[in-house]
Amino acid sequence: MELWQVPLLFSRLPMFPFFDLAHYVASVMALKEQRGAVEVSVRSPIACWFSAMLCCFGGSVLSSLMLAEPPVAFLAKGTNILLASSVWYFVFYSPQDMFYRCFTFLPIRLLVAGMKEVTRTWKITAGVAHADSHFKDAWLVMVAVGWARGAGGGLISNFEQLVRGVWKPETNELLKMSYPVKVTLVGAILFTLQHSQYLPIARHNLMFLYTIFLVVSKVTMTLTRSATSPLAPFEAVLGRMFFGLQKTLSKAKGDGAASSNGSSVCDRSSSEQHHDSVKKRQAKKTE
C-alpha cells in the first residue's frame, strides 16, 4: 500500500459498529457529567433515555426537520438504537459505576474522543450530500444541513435540557458557540465548497486532513484540560476586521462606566439639594 492511498482507504472506513459505539459512549458520558442528570436518571428513567437519544442522534433529528423529513426516522435504525440504549443503561445504571469509571481512564477516554471526531467528519459529508440531493447547488442549505448533521446534539441542547426539566436559554449555542459547534460549521463550509468543486482538493484528502485536525485538537484540549478554542486567534482577527467586536465591547464598557458615574453624580447632587431644603425648613421653624 502506497502512502497516497491512505486517505482513500480512510474515507472508506465503516462507522458501524466501533466508531458509532465510541460516539454513543462519549455523548452519554457527557450527558451524565451535566449537573442534575444523575438525579433525573433516578427520578425518571424514560426522560433520561430520551435525553440520551437526543444527544446521540440530535444531528439526524435536526437535519430531518430542516429538510421536512420525519424527525423520528432515526428510530427505524433498530440496531443503532439498541446499541445506544445499551450504552445509556450501562453508563447510568451499571453496579458501582464500573462502566463509567472504565471509560474515564485517560487513555481510553482519549481513544473514544478521537473516534467520536471521526464520526463528525462522516456526518458532515453525509449532510452536505443529502442536502444537495434535495436542493441542487444550494450552498446555504448544504452548509446548514451539514452543520446540523455534524453538531446537532449541541445545537438542540436547549431542547435536550428541557426534557430533563432544565431551562437555560442563555446557554443557546447560537449565542455562545462551543468549540465543536464552531469547528463543525467550518467543516460544513469546507465540504460544501469541495462538493461544489470550488475547492481544488479531492474529497477523501479533505476528509483525511480535516479529521486529523479534529482528532489532534480534541486530544490536545483533553490532555491540557483547556477550554480555549484553537480557532480563537482567527475569530479575534476576523471579528475586529469585519465587525469591530473589540472596539464595540470597549466602547460599551466605557459608556457604561460613564453612565454609572453620571448617575452617581446626579444622585449626590439631588441628595445635597434635599439636605439644603431640609436645613432651610428647620431654620424657618426656629424663627
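Between Ser85 and Met53, the closest side-chain pair of non-hydrogen atoms falls below 4.5 Å. By the 4.5 Å heavy-atom criterion applied to side chains, Ser41 and Lys32 are not counted as neighbours. Two residues are said to be in side-chain contact when any heavy atoms from C-beta on lie closer than 4.5 Å; Leu175 and Glu170 fail this criterion. Two residues are said to be in side-chain contact when any heavy atoms from C-beta on lie closer than 4.5 Å; Arg120 and Glu117 meet this criterion. Residues Thr119 and Met115 are not in side-chain contact: their nearest non-hydrogen atoms beyond the backbone lie 4.5 Å or more apart. Inter-residue side-chain proximity for Leu31 and Ser51 is flagged as met; some heavy-atom pair is nearer than 4.5 Å. Counting heavy atoms from C-beta outward, Ile124 and Thr184 have side chains that approach closer than 4.5 Å. Arg240 has its side chain within reach of Val237: a pair of non-hydrogen atoms, C-beta onward, lies under 4.5 Å apart.
Other residues, nucleotides and ligands place no more than 12 heavy atoms under 6.0 Å from the CD1 atom of Ile46. For CD of Gln96, the number of neighbouring non-hydrogen atoms (other residues, nucleotides, ligands) closer than 6.0 Å is 12 at most. Atom CZ of Phe16 has more than 12 heavy atoms from other residues, nucleotides or ligands within 6.0 Å. Remark: Tyr179 OH is packed, more than 12 non-hydrogen atoms of other residues, nucleotides or ligands lying under 6.0 Å away. Around atom CG of Leu106, more than 12 heavy atoms belonging to other residues, nucleotides or ligands sit under 6.0 Å away.
Atom CG in Leu214 sits 5.0 Å away from atom OG1 in Thr121 (nearest 0.5 Å). Annotation: the span from Met177 atom CE to Ser229 atom OG amounts to 11.5 Å, rounded to 0.5 Å. Rounding to the nearest 0.5 Å places NE2 of His130 at 15.0 Å from NZ of Lys123. Separation of atoms CD (Gln161) and CZ (Arg35) is listed at 12.0 Å; rounding is to 0.5 Å. Put simply, CG on Leu54 and CD1 on Ile156 are 5.0 Å apart, with the number rounded to the nearest 0.5 Å. Summarising the geometry, atom CG belonging to Leu199 is positioned 11.0 Å from atom CG belonging to Asn205; distances are rounded to the nearest 0.5 Å.
Between Phe74 and Phe57, the two ring planes are parallel [angle under 30°; tilted spans 30° to 60°]. Note on ring orientation: taking the six-membered ring where Trp is involved, the planes of Trp88 and Phe92 are tilted (angle from 30° to 60°).
Remark: the backbone N or O of Val40 is not paired with any side-chain donor or acceptor of Ser44 at under 3.5 angstrom. A donor-acceptor pair under 3.5 Å links the side-chain atoms of Thr104 to the main chain of Arg101, judged by distance alone. In this structure, Ser63 contributes its side chain and Ser60 its backbone to a donor-acceptor pair below 3.5 Å. A donor-acceptor pair under 3.5 Å is absent between the side-chain atoms of Asp137 and the main chain of Asp132, judged by distance alone.
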| task | Verify ring pair (Phe, Tyr, Trp, His ring centres under 6.0 Å) between Tyr100 and Tyr93, making sure each step is shown before the conclusion. | result | CA-CA 9 Å; Tyr100 175 78; Tyr93 302 104; over 10 Å; no
| request: List the steps, then state whether salt bridge (charged side-chain N to carboxylate O under 4.0 Å, His left out) holds for Arg149 with Glu69. | output: CA-CA 13 Å; Arg149 182 71 68 89; Glu69 295 177 348; 5.9 Å; no
| field | Trace of the side-chain contact (heavy atoms from CB on, under 4.5 Å) decision for Lys176 with Thr171 | value | CA-CA 7 Å; Lys176 189 177 181 181; Thr171 61; over 6 Å; no
| Under the side-chain contact (heavy atoms from CB on, under 4.5 Å) criterion, do Val118 and Met15 qualify, and how do the steps go? | CA-CA 9 Å; Val118 175; Met15 291 295 101; 3.9 Å; yes
| message | Would Val181 and Trp147 count as a side-chain contact (heavy atoms from CB on, under 4.5 Å) here? Give the steps. | response | CA-CA 8 Å; Val181 174; Trp147 187 28; 3.5 Å; yes
| field | Phe213 and Leu209: CA distance, side-chain angles, deciding distance, side-chain contact (heavy atoms from CB on, under 4.5 Å) verdict | value | CA-CA 6 Å; Phe213 172 77; Leu209 294 175; over 6 Å; no
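Considering every non-hydrogen atom in both Pro230 and Met221, the closest pair reads CD-SD, 3.9 Å. Nearest heavy atoms, Ser94 versus Phe90: OG-O, 2.8 Å. Of all the heavy atoms in Met66 and Ala148, the pair that sits closest is SD-CB, 3.5 Å. Among all heavy-atom pairs drawn from Lys116 and Ser27, the shortest one is NZ-OG, 3.4 Å. Of all heavy-atom pairs between His195 and Ala129, the closest is CE1-CA, 4.3 Å. The nearest pair of heavy atoms linking Gly152 to Leu62 is CA-CD2, 4.3 Å.
Of the candidates Asn80, Val87, Val28, Val28 is the only one forming a side-chain contact (heavy atoms from CB on, under 4.5 Å) with Cys56.
Ring centroids of Phe10 and Trp122 are separated by less than 6.0 Å, placing the two rings close together.
We find that Lys77 and Asp20 are not joined by a salt bridge, their nearest charged nitrogen and carboxylate oxygen being 4.0 Å or further apart.
Using modelled atom types and a 3.5 Å distance limit, the side chains of Arg203 and Ser11 yield no donor-acceptor pair.
Taking hydrophobic clusters as Ile, Leu, Val, Met, Phe, Trp and Tyr residues chained together by side-chain heavy-atom distances below 4.5 Å, Phe105 shares a cluster with Leu21. Linking Ile, Leu, Val, Met, Phe, Trp and Tyr residues whenever their side-chain heavy atoms come within less than 4.5 Å places Val143 and Leu174 in a single cluster. Phe103 and Val38 fall into different hydrophobic clusters, where Ile, Leu, Val, Met, Phe, Trp and Tyr residues are linked whenever their side-chain heavy atoms come under 4.5 Å apart, directly or through other members. In terms of hydrophobic clustering, with Ile, Leu, Val, Met, Phe, Trp and Tyr side chains grouped at heavy-atom distances under 4.5 Å, Leu8 and Phe19 are assigned to different clusters. Connection of Leu75 to Leu82 is not established within any shared hydrophobic cluster, with ILVMFWY side chains joined at heavy-atom distances below 4.5 Å, either directly or through further cluster members.
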